[in-house]
2 protein chains.
Amino acid sequence: MLNSKQKNQDDSNKQIQVFKALADPIRLEIIKYLKHHSHEIACGEVGKAVNISKTSGSYHFKLLEAAGLIDTRREAREKYVTLNKQTFDKYVTDFYQNI
Amino acid sequence: MLNSKQKNQDDSNKQIQVFKALADPIRLEIIKYLKHHSHEIACGEVGKAVNISKTSGSYHFKLLEAAGLIDTRREAREKYVTLNKQTFDKYVTDFYQNI
DNA sequence: AAAATAGTTCAAATATTTTTGAACTATTTA
DNA sequence: TAAATAGTTCAAAAATATTTGAACTATTTT
């Protein structure tokens, strides 16, 4: 079990991870693209839309997922992504209020 | 004058600058400290509270100011800082809604 | 079965950010 | 006027993040 100091540490790390994930033009474009397409979309489609290589896409999606900003679901060859609104609410929208 | 595409570019740059500024443990500590002290505080006092060197403080305060997250006022030897809530509102709290 | 497609992994190269200490300016105190 | 205090600037070093291409796995299409 984690004590309350450890929980704060953890949350602080998560907070930084979220801001780091948002602090990049490519990832911001990906997020904007997803926000404007409410249905599930494959990584490849997003990658094409924002004009990056497969490798670069793989790197950026991994980072966004690690930060909890997107959820992913693999179906056969393809990986579908959606925004995780809860993470945005907790670590972005409510950030100022909660600190 | 800037056209509307240039304005979006500009704002997108500002958005990234804000997230970059927030994506660091020291700067987050500084911001938390300021949030919990509503009155003006000198850089040195904050620096002592978060346990960093003068040089490091100077670097981080400059970055926060460039991002518009803090305002500063110099009075003789000392520089007083306060949070700029408008910037938090526009680029953090309202981020998700506005993209 | 071969070719095409979607995505991952790895390591090297590059770019960016952060830390550090020394030297500096300006102001205040002794 | 000398010493102390508050903060800045600079350049080098160290740490982190990003890009790239080649090789890979797994699945689907021809």
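From a predicted model like this one, the values you see are computed outputs, not experimental measurements. Here is how names work: the chains are called A, B, and so on, in the same order as the sequence lines, proteins then strands, and each is numbered from 1.
Rounded to an integer number of Å, the gap from A/Ile41 CD1 to C/dG7 P is 12 Å. In this structure, B/Tyr80 places its OH atom 12 Å from C1' of D/dT5, rounding to the nearest Å. Rounded to whole angstrom, the span from the CZ atom of A/Arg74 across to the C1' atom of D/dT27 amounts to 9 Å. Following rounding to the nearest Å, B/Ile16 (CD1) and C/dT16 (C1') show an atom-to-atom distance of 14 Å. In this structure, the CZ atom of B/Arg73 is 16 Å from the P atom of D/dA6, given to the nearest Å. Atoms CD1 (B/Ile30) and C1' (C/dT18) sit 13 Å apart, rounded to a whole Å. A straight line from CZ of B/Phe61 to C1' of D/dT9 spans 17 Å, rounded to a whole angstrom. The interatomic distance linking B/Asn13 (CG) with C/dT16 (P) rounds to 14 Å, in whole Å.
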Identify all pairs in which a protein N or O lies below 3.5 Å from an N or O of nucleotides 15-20 of chain D, and state each distance.
from	atom 1	to	atom 2	distance (Å)
D/dA17	OP1	A/Lys20	NZ	3.3
D/dT18	OP1	A/Arg27	NH2	3.1
D/dT18	OP2	A/Tyr59	OH	2.8
D/dT19	OP2	A/His60	NE2	2.6

Report, one pair per line, the protein and nucleotides 24-30 of chain C atoms (nitrogen or oxygen only) whose separation is under 3.5 Å.
from	atom 1	to	atom 2	distance (Å)
C/dT27	O2	B/Arg77	NH1	3.4

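Taken to the nearest 0.5 Å, the CG atom of B/Leu69 stands 5.0 Å off from the CG atom of B/Leu22. In this structure, OG1 on A/Thr87 lies 10.0 Å from CD on A/Gln17, to the nearest 0.5 angstrom.
No hydrogens or angles considered: a donor-acceptor pair under 3.5 Å links the side chains of A/Asp11 and A/Tyr91.
The main-chain N or O of B/Ala76 is found under 3.5 Å from a side-chain atom of B/Arg74 such that the two form a donor-acceptor pair. At distances below 3.5 Å, not a single donor-acceptor pair connects side-chain atoms of A/Glu78 with backbone N or O atoms of A/Cys43. Looking only at distances, a side-chain donor or acceptor of A/Gln6 sits under 3.5 Å from a matching main-chain atom of A/Asn3. Within the 3.5 Å criterion, the main-chain N or O of A/Tyr96 finds a donor-acceptor partner in the side chain of B/Lys35.
Aromatic ring orientation, B/Phe88 versus A/Phe95: parallel (interplanar angle below 30°, classes split at 30° and 60°).
When the shell of 6.0 Å around NZ of B/Lys90 is examined, it contains 12 or fewer heavy atoms from other residues, nucleotides or ligands.
Within the 4.0 Å cut-off from OP1 or OP2 of D/dT8, at least one side-chain nitrogen or oxygen of B/Lys79 is found.
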